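The structure displayed is predicted, hence computed values, not measured ones. Every chain is numbered from 1 and lettered A, B, ... according to where its sequence line falls, protein lines coming before strand lines.
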Number of protein chains: 2
Amino acid sequence: MPSAIDFYFDFSSPYGYLASTRIEAIAAKHGRTVSWHPVLLGAVFKLTGGVPLATIPLKGEYSARDMARCARLLGVAFKLPSKFPIPTQAAARLTVWARQSDAGKAKELAAALYHAYFAEDCDISNPDVCADVSAVCGYDRAAALAGLNDQGVKDLLRKEMEEAIERKVFGSPYFIVDGEPFWGADRLDHVERWLATGGW
Amino acid sequence: MPSAIDFYFDFSSPYGYLASTRIEAIAAKHGRTVSWHPVLLGAVFKLTGGVPLATIPLKGEYSARDMARCARLLGVAFKLPSKFPIPTQAAARLTVWARQSDAGKAKELAAALYHAYFAEDCDISNPDVCADVSAVCGYDRAAALAGLNDQGVKDLLRKEMEEAIERKVFGSPYFIVDGEPFWGADRLDHVERWLATGGW
């Protein structure tokens, strides 16, 4: 059985959101599955000296325009959130918690969290807002809230972050296909071609 | 007559090199011309806090792999130069000098300079090497060397850099199509679609 595509993303990453709307269909077309890995880019940026796009002169302004333009091209609802970027521990922990019982349903939750933030301007840095989203997805709200505060879940996310950094994940979205890394929503065409051809 | 596409590039930018091999064909397909503008990203990075890709942990290593992979996909000769990145004043000034007499021939010179650096590992930060490349392109070597050292040419490049920064050019390659900015070789597909559709 071919290995899963690893999809790393930060919930505060607009390009991660855009990619999240496309990766499952691309993988399915080539008989692959996708493992979704929420990461906290803040921890990675401490290593790489990276800074949030929005804070960079000229580049931040351009990027806001580019994000919206990419979203329109893909037909994906997008509005730069009024609070951006945000800490994404709550959303990442909730996703890790949800994955423990059902990975497929956890992807739906992650997609819903992304949509809440980038299409509906809900502040998913707030655990209560995350719990609200989980309730809409059919989770028990109180259980979700307890889950994202669970020490075991926090430890698991920390461990996964360490693994991601070992695998040299430095941005969002980041894909690993059969050992080959791809960074950026604009590399999804390369991901697809790699899946179709086995590489070049 | 439709306006020209503005193409901004730094001679030390691998993605600028890749884009330079594609932009003329894309423009021609849509009845457009291209104005080539060499820029010095070092000056821009002072404003934006940008740093050369190669110096960024993890991202630099990934980028080297991505550049080579993109080049193979495009069928473009590419080898990361042994000296990278480099100051590009000499190549930029030579191009600005050449443009004064013949803009079309200056593009061929710019393409040859890019090829010398990224396919043949010639150190085009060296004015003598730039002059050698110009001689292969049919320029008088001594005139080219004098041209790239000319104060008027230096002033003209400085003025054009100021204009580029006013137009918010922060990276390479950077395109402006009918007022719409596009950054990155990976936005050439968007450039092409913009030309075909007038925007979205």
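At most 12 non-hydrogen atoms from other residues, nucleotides or ligands lie less than 6.0 angstrom from NZ of Lys168(B). The local environment of NZ in Lys105(B) is crowded, with over 12 non-hydrogen atoms from other residues, nucleotides or ligands closer than 6.0 Å.
Looking only at heavy-atom pairs under 4.5 Å with chain A, the residue among Glu61(B), His190(B), Glu180(B), Arg193(B) that has the most is Glu180(B). No other option in Asp66(A), Val44(A), Asp186(A) has as many heavy-atom pairs under 4.5 Å with chain B as Asp186(A).
Linking Ile, Leu, Val, Met, Phe, Trp and Tyr residues whenever their side-chain heavy atoms come within less than 4.5 Å places Leu157(A) and Phe45(A) in a single cluster. Criterion: ILVMFWY side-chain heavy atoms under 4.5 Å apart, direct or through other members. Under it, Leu80(A) and Leu73(A) are not part of a common hydrophobic cluster. There is no path of hydrophobic side-chain contacts, each under 4.5 Å, that joins Tyr15(A) to Trp200(B). Each of Leu53(B) and Leu53(A) belongs to its own hydrophobic cluster when Ile, Leu, Val, Met, Phe, Trp and Tyr are linked at side-chain heavy-atom distances under 4.5 angstrom. Met67(A) is not connected to Phe182(B) by any chain of hydrophobic side-chain contacts under 4.5 Å among Ile, Leu, Val, Met, Phe, Trp and Tyr, and they are in different clusters.
Only the backbone of Val169(B) comes within less than 4.5 Å of a heavy atom of chain A; no side-chain atom from C-beta onward does. Residue Tyr174(B) touches chain A through its side chain alone, counting heavy-atom pairs closer than 4.5 Å. The contact between Leu47(A) and chain B is made entirely by backbone atoms, counting heavy-atom distances below 4.5 Å. Residue contact with chain A, scored on non-hydrogen atoms closer than 4.5 Å, involves the backbone and the side chain of Arg69(B) alike.
Considering every non-hydrogen atom in both Tyr62(B) and Phe170(A), the closest pair reads CB-CE2, 3.3 Å. The two residues Arg65(A) and Pro181(B) come nearest to each other via the heavy atoms NE-CD, 3.4 Å.
Here the CH2-CG distance, from Trp183(B) to Leu58(A), works out to 11.5 Å after rounding to the nearest 0.5 Å.
Using a 4.5 Å heavy-atom threshold, the side chains of Lys59(A) and Thr48(B) count as separate.
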